[in-house]
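Every chain is numbered from 1, with letters handed out A, B, ... down the list of sequences.
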Number of protein chains: 2
Amino acid sequence: MKSGQVTIKDIAKELNISCSTVSRALKDFPGISPTTRKAVVELANKYNYRPNAIALSLRNQKTNVIGVVIPETVHFFFSTVISGIEDEAMKEGYNVMICQSNEQYEREADSIDALMGARVDGLLVSISRETSDLQHLEKVVKEGTPMVFFDRLVEGMNASSVIVDDYQGAYDAVEHLIKKGCKHIVHLAGPDNLIICRKRKEGYISALEDHEIPLDESYIVECRFGEEAEAEKAMTHLLESGMAIDGVFANNDMAGLGAISAIKKVGIPIPEEIAVVGFSNWQFSSLVNPSLSSISQPGYEMGREAARLILVEINSKEPSKREVTILDTELIVRDSSNR
Amino acid sequence: MKSGQVTIKDIAKELNISCSTVSRALKDFPGISPTTRKAVVELANKYNYRPNAIALSLRNQKTNVIGVVIPETVHFFFSTVISGIEDEAMKEGYNVMICQSNEQYEREADSIDALMGARVDGLLVSISRETSDLQHLEKVVKEGTPMVFFDRLVEGMNASSVIVDDYQGAYDAVEHLIKKGCKHIVHLAGPDNLIICRKRKEGYISALEDHEIPLDESYIVECRFGEEAEAEKAMTHLLESGMAIDGVFANNDMAGLGAISAIKKVGIPIPEEIAVVGFSNWQFSSLVNPSLSSISQPGYEMGREAARLILVEINSKEPSKREVTILDTELIVRDSSNR
DNA sequence: CAGCCTTTTGCAAACGATTGAAACCCCCTA
DNA sequence: TAGGGGGTTTCAATCGTTTGCAAAAGGCTG
């Protein structure tokens, strides 16, 4: 009794019957005598028999496991995505294996390798900030494992994606600032290799164009890590330069918060002199002072949708559809821009 | 070529040799001719061969998977724990399967059943708020699967735990309030079936006793869900009752925030008239206004420690040690209590 | 050239569950 | 009593990998 858990074999031995009979008795197959069935079921219950999923996986060539590769679990947005994935997967009888890349390319590649080794039925991936080489992902596609990207999609790969409308979200945010009277809007941008960041930048640019505000490249500053201190430093630098600034659109809320700190430190009133809008609607955004306007991304829905998509692909024989599902964002106006 | 991934069999067939030889060649076993080895290794690389972890699990009776059952992934504290677990597990070559109970007993039981069916090598569990029946956990112990509790431990079960020193943390928080001159301290408590909440309450009571402040039960109010609105309502009620109140110790930061809202709404200055301390040091706590003093819990370390413990148990033949690892908390003084 | 040793390779069983096909038992009938 | 037919049950193979043991091949010696 080392391995603790009871197997069909144990039950068969105790009842002096064959494994086949036990298996069939447990699955209500025809051709098993009621006596035998009853004895088997009773013993199975008594010993709390659970089918060995490993053995089943091997036989059926199907693990009922979805692999998830995510930059970090501690980001509020990503944790809501995980929650959505898990809920949907569990509902359909799947388990979820999670690996975090910690925004490192190598760990992302290792994680994918580990999950492929575990023969997950499908892979949900949000690439790391570092990732630009796509070999590890191309292998997955070539070997025929369904894969769906979420949030941070990858272009030119034969896989579906679930993203939010970053372009439109950014456009809405900037248009909102413009309507509040802003004419000199800083964009604290994210790293260019992430498509989501490029899209947000495009939204910023389009909104300016559509409202006939000339684009000035010096108003776009890259905050590579999206951290508060980084953004605060960048913003301080801009404020000290003497440029005219009356609005800030940050690539994410942490950067937005950094901007607010910088602005507060030099004593400029928010939102009266400078209005600020972030992106992602983090949990803290409604709680800070001034509360931060932001673009809400439906993380939980994204997780569910990504899981739904991968399950469809797993259960269909056809190759990937290569669809892109775009979820709507929502502008949440709070004190930092409400004037 | 349906299943995509290459097996030892495929390689054996292509080279017209047996599986045994391929297997040995790949593992640098003695007694394989250099010619054969070279051919095998080259083909394995060419086809990107990865050992089938499922087959290995079945043969070795070991999955190299750790199961995690957690109330919710979206709580900042829990997501840091997950991060710690994942980092430690990956370092040791383990994968992590995560199930969230969403604070529901039944889903917790189902999750454990699913993970046991998947034959995880060990289980890390933080029980749901609803859980009081322990059958599902006792089964795990009886069947010999190593299990370690984290944060929310379970008493009277043969399993190790990793917790933070909730008692001491609460004691520190309340003592801090007393030293700031508070004499009438409200405790917004958590549900009594969670040991962590009982410990915090005990810390509150001991601190009062040690400083010769008489305990008044009406100053302890249960906020079952630890939500902002709930706490705000409770706090408003207390304030309206006309009781003398000059301090609040909340069971968690969300409740602390609710208290702050209530106090601000009736126009009482914080921290001058009423000082507030929360628990958990959530991410938002430093960002709100006034910033919320809190007790910091080392979530990431807890995750790593829990993973470390379970790995030790998995790799040792002896039965569980039933150790309780207590991690230190830290009082973070911020504006809500700094006067 | 027979016998022996070394080197290299293959066979078969095992892990747990499933399933098509074959076998068994018992009873009835011709 | 042999044969047929239902109702039950068992056998054997399969999934991918490992590994103890047996076997084959080749070379060397007496």
Any side-chain to backbone donor/acceptor pair from Glu103(A) onto Arg129(A)? Under 3.5 Å, distance only.
yes

Out of dT19(C), dA17(C), dG16(D), whichever nucleotide has its closest atom nearest the side chain of Gln61(A):
dG16(D)

Distance, rounded to the nearest Å, where Phe29(A) contributes CZ and dT19(C) contributes C1':
7 Å

Nearest whole Å is fine: how far is dT10(D) P from Asn16(A) CG?
9 Å

So, OP1 or OP2 of dT9(C): does either fall under 4.0 Å of a side-chain N or O from Thr36(B)?
yes

Proximity to the side chain of Leu58(A) - top-ranked nucleotide from dG10(C), dG16(C), dT19(D)
dG16(C)

What's the NZ-P distance between Lys27(A) and dG16(C), to the nearest Å?
18 Å

Under 4.0 Å, counting only non-hydrogen atoms across every strand here, what does Ser57(A) touch: a base, just sugar-phosphate, or nothing?
nothing

Can you find a donor-acceptor pair, distance only, under 3.5 Å between Arg24(B) side chain and dG20(D) base?
yes

Side chain of Pro34(B), heavy atoms from C-beta onward: which of dG16(D), dT19(C), dT8(C) has the nearest atom to it?
dT8(C)

Rounded to whole Å, the CD1-P distance (Ile8(B) to dT19(D)) equals 11 Å

Residue closer to the 5' end of DNA chain D, Thr21(A) versus Ala55(B) (nearest nucleotide)
Thr21(A)

When you match Ser20(A) and Lys9(A) each to their closest nucleotide on DNA chain C, which lands nearer the 5' end?
Lys9(A)

dC15(C) P sits how many Å from Leu56(A) CG, rounded?
16 Å

To the nearest Å, how far apart are Lys62(B) NZ and dT18(D) C1'?
16 Å

Nearest-angstrom distance from the residue atom CZ of Arg37(B) to P of dT8(C)
9 Å

Ile32(B) CD1 to dG10(C) P, in whole Å, measures 9 Å

Check whether the side chains of Asp121(A) and Thr63(A) place a donor and an acceptor atom closer than 3.5 Å, and report yes or no.
yes

A side-chain contact here means heavy atoms from C-beta on lying under 4.5 Å apart; do Glu72(B) and Ser83(A) qualify?
no

Does a side-chain N or O from Tyr49(A) land closer than 4.0 Å to OP1 or OP2 of dG16(C), or not?
no

Closer than 3.5 angstrom, by distance alone: can the side chain of Arg37(A) be matched with the main-chain N or O of Phe29(A) as a donor-acceptor pair?
yes

Closest-nucleotide 5' rank along DNA chain C - winner of Ser33(B) and Arg59(B):
Ser33(B)

Heavy atoms only, 4.0 Å cut-off, all strands: where does Ile17(A) land among base, sugar-phosphate and nothing?
sugar-phosphate

Is any NZ, NE, NH1 or NH2 atom of the basic residue among Glu143(B) and Arg50(A) found under 4.0 Å from an Asp or Glu carboxylate oxygen of the other?
yes

